[in-house]
Amino acid sequence: MMSEQNSWIIAWCNSISFLSEIPGWAHALLALISTYCLVIVPSGALMVYLDRKISADLQARVGPNRAGPAGILQPLADLLKLLQKEATKESSWRQNVWLSVHTMALYSTLAVMPLGSMALLVDTEMSAFIPFWSALVLALGTMLLGLSQDSVPGWFGGIRVAAQTLAGSFPALIALLCVGVRAGNFRWSILANCQDFSPWSWTFLSNPFQFIAFIVFVMSGLVLLAIPPLDGGVSMSDIHGGVSSHLFGRRLSLFRFGRFFGFFFWSIIAVVLFLGAWKLPLQVSEGLRAQEAFRFLATIELIWLLAKTFFLMLFITWVARVNPRSRVDQITDFAWKVLSPFSLAALVGASICAGWKAFL
Amino acid sequence: MDKNALVSRLNKIIPGGVLETRRFGRSENTSIWIEAQAVQKIAMALKMDTEMKLDWLENLSVVEFEKVFIVTYFLRSLITRHSLVIRASAVPVSPGSEFLFPSVRNIWPMGLPMEEEAEEMFGIVFSLNNETQFQVKVNRLPENWKGFPLRKDYVFPSQFEDITHSRSFNKSNQKKSSL
Amino acid sequence: MTIISSEPVRADLTLWEIGPYHSSLPAPMRLKLRLDGEIIAQCEVETGYLHRGLEKACELHPWRAAIAYMDHLDPEVAIFGELVLCLAVEEIGEIIVPPRAQRIRIILAELSRISAHLVFMVRMAKAVGSETIVHYLLRDRERILDLFELVAGARFSLNFLRFGGVSADITDGFIERVLDVCDLIRIRIKEYNDIFTFNYGFLKRSSFVGKIDPILVKSSGMTGPNARASGISFDVRKDMPYIGYDQFDFEIPLGRGEGGIVGDAHDRFLLRLREITQSMELLKQVSDHVPIGEFQNEKIDKEYIVPPGEAYARIESSRGLLGCHVVSDGSPCPSRIQLRTPSVANLLAIPQFVSGIRIEDLPVVLASLDLGIAEADR
């Protein structure tokens, strides 16, 4: 079991010769660290760059163009600047505690991150639900991080984040059930395998209810994690970003990167559930598997998955750049009164469709 | 608008309140000079006047002219579109000291910020009931700032807290350099 | 200036003091909010952080320098401060302004009004967090600043008007370029409407928010677009025409409450959008009637000393009625220059209508008032 699922990581390890014989837990740890360092962080840098460049094009301006050719090193420059920034205020022990709780909750989801058929560390019957658990812990951590600050923006930010998470998690979970009804399981591998390379086989086009479920899933994810344009909880214009208003320098970059990670992870899940996951065309995957070129297969799958993910993220960013930020009461209203009924209708419809197919 | 009729009406309500009428520039034909102590009564009478209905204090301007402080009220009516200038003068008891002047902020609420500004800049304390209250709210000027900058006898301090400066603000020097 | 609402202090309310620098404030000022949950129960305003002693500075310098100081009355729209001072001085000195100079002044004033309203829209877009339109608006305002640069050599502090005219004649082709910019902005306004004005999210954020009652407008002395959005029809250009506004045909738009109700934040936004259109109409008319001739009264030179006397001039700036009381005692320096600025009344009104709104709406409401702290504090 372990050897099959970790084959990707073992392939990576084997290429580094002195790590030939190590225990399983070390494999897992190595997998987490390498996923973080080789996938998450570069994706963050790339997304920051793409976001800034594409937004600049949309907004009739130039965008970053100084650091490296065409400003390609701008994310690195930003990071270096943020790391050497000094805090203007001493941080309290409460802030440290809740920032670490928040960060741990966030990155615990790394273990369940579906990054390809070769890179599934935790692939159980319930693995699709684990990110939600983390999202709720994350919201709690963020709320307490906000409340631990002795300032009004922090309090409001914390409460708003909690309200948004509560409102967003219900429709998101129901939308997840819709996919489960179609696939018959909540294993990442099964959720992915019920789709194929062609967009017509993707879950979101399989029937109208799955399409509604996809829209609901993406939008409730924006509500749940307070991602623009539904980011009233961390609004910049009135409460200075709420929870992050009293974080500086390294802490702020940790928090900001955490917010990116939430967005990124949510988009990956949306792609895996609805947009054909990492499925490659023309039996490529079977062919590579037969030739035991696992490392190559894993890389291609990862690139294809990330390409779709970036496309989804850039689409959301594009909408967010043009549209005004909604108010937090309007967001929660929207989640409870619009997204939730639609998600329930989608669940009923998806169940009927699944039952219809079973009878046929 | 009949100027003389208005003055006679005002004289009827507040005998001796109106001192004289005079031209004011080219745009404002009439300005009425009134007794400083009668400002509140005349203001009320003008606001309630059925023909004028001067419900809007457009501007309140304080000018120091030959040691006399002239307070000018530019009035206007949004209903009848009439406008009027009333003026009153006052002299401080001793140079450099604050003095009281009747306030019109309860008659024209928009006068509050203008009066507060005059309090800071000229040291004219606008009071409602002629009670003695020498509390100037200092917001425009830094805390602990001494003196009233817009008065003619105001001397710029060469030092304020730990800031010093040596530039001369003497007006006579300026005149020489400009001519 | 401290403006305190008269309600009693309640112990169950959160106190939140924001300012002098805060992202929801358009300029340095201080708000003391008492919050019931996220709803503002009480608000106190404190300003004065941008006091530069402008009136005193004018008294310390010769008459000519006062024009340069008036540029800084409101740095965003420098021309209005200059214009009001020139009008007052011309009234004292009975200076005749040549018709060509009058037309140039109207063109500059209306261009400034368009530019100021574009900046207003930028602030509004920033308050609701809509980034793209901000850059579009600033891109188009650049065209107007280019025109200022062409005519005066500066983009913000023009220092261009003089007693009895303007300091330089406009160059050939300037009028055509003004018309080009008008045509450009007319096309762009449609773009703004598509992307922002009638955007559902923006309507949700700004309509029914921060309604100003006509009674409040009257009691606080508000003027300009804010008052007109609430239905008070008062515009100095119509009621007391200056620099020849009475020779042109234009209408003063009033609030209609299309997005929500009359006098809400979205209505104030729409009204300024209509004023831009109106200003462009006006520019079009003026550009046909720029006579050939002098641009400056020849009798007025650099050492001109204003004769003793006083005058009060008022104009319609982009924010409302801007008044200037000038007193001259015949000396080389002004005896007194007193300014009546429209933003003071807007600040006075804030505590009386913000109670009851959510703190997320506070930036929107403040932006919709178009506060000019620089001119309020002087």
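Each chain gets a letter, A, B and so on, in the order the sequences are listed, and its residues count up from 1. Scope of the values below: all heavy atoms of this structure, side chains included, with no hydrogens, waters or symmetry mates. In this text, all values refer to a predicted model and were calculated from it rather than measured experimentally.
Residue C/Ser219 touches chain B through both its backbone and its side chain, counting heavy-atom pairs closer than 4.5 Å. Heavy atoms of C/Arg378 lying under 4.5 Å from chain B belong exclusively to its side chain. For C/Ile232, the part sitting under 4.5 Å from any heavy atom of chain B is the side chain, from C-beta outward, and nothing else. B/Leu60 touches chain C through its backbone: at least one of N, CA, C or O sits under 4.5 Å from a heavy atom, while the side chain does not.
Here the straight-line distance linking atom CG of C/Asp239 with atom CZ of B/Arg81 works out to 4.5 Å at 0.5 Å rounding. Taking SG from C/Cys324 and CG from B/Asn59, the interatomic distance works out to 9.5 Å, rounded to the nearest 0.5 Å. Atoms OG and OH, on B/Ser31 and C/Tyr312 in that order, are 14.5 Å from each other to the nearest 0.5 Å. Interatomic distance, C/Arg314 CZ to B/Glu58 CD, rounded to the nearest 0.5 Å: 4.0 Å.
Residues C/Leu348 and B/Pro109 approach most closely at CD2-O, 3.7 Å, considering heavy atoms. Looking at every heavy atom in both residues, B/Ser61 comes nearest to C/His325 through OG-ND1, 2.6 Å. The minimum heavy-atom distance between C/Asp377 and B/Arg140, with the atom names listed, is O-NE, 3.3 Å.
Residue B/Lys53 qualifies as open at atom NZ: its count of foreign heavy atoms under 6.0 Å is 12 or below. When the shell of 6.0 Å around CZ of B/Phe160 is examined, it contains more than 12 heavy atoms from other residues, nucleotides or ligands. More than 12 heavy atoms of other residues, nucleotides or ligands sit less than 6.0 Å from atom NZ of C/Lys238. Environment of CD1 in C/Ile96: sparse, with no more than 12 heavy atoms of neighbouring residues, nucleotides or ligands closer than 6.0 Å.
C/Phe234 and B/Trp56 have perpendicular rings, their planes meeting at more than 60° on a 0 to 90° scale where under 30° would count as parallel.
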**Asked** What's the verdict on side-chain contact (heavy atoms from CB on, under 4.5 Å) for B/Glu120 and C/His51, showing C-alpha distance, side-chain angles and the deciding distance?
**Response** CA-CA 12 Å; B/Glu120 275 185 61; C/His51 177 68; over 6 Å; no

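Neither side chain, C/Glu59 nor B/Tyr154, offers a donor N or O lying under 3.5 Å from an acceptor on the other.
The most heavy-atom pairs under 4.5 Å with chain B, out of C/Gly309, C/Gly221, C/Gly53, come from C/Gly221.
Residues C/Arg340 and B/Phe74 have side chains not in contact (no heavy-atom distance under 4.5 Å, counting atoms from C-beta outward). Looking at heavy atoms from C-beta onward, B/Glu117 lies in side-chain contact with C/Glu55 at the 4.5 angstrom threshold. The closest side-chain heavy-atom distance from B/Arg76 to C/Met240 is below 4.5 Å.
Between the C/Arg336 side chain and the B/Glu64 main chain, no donor and acceptor come within less than 3.5 Å of each other.
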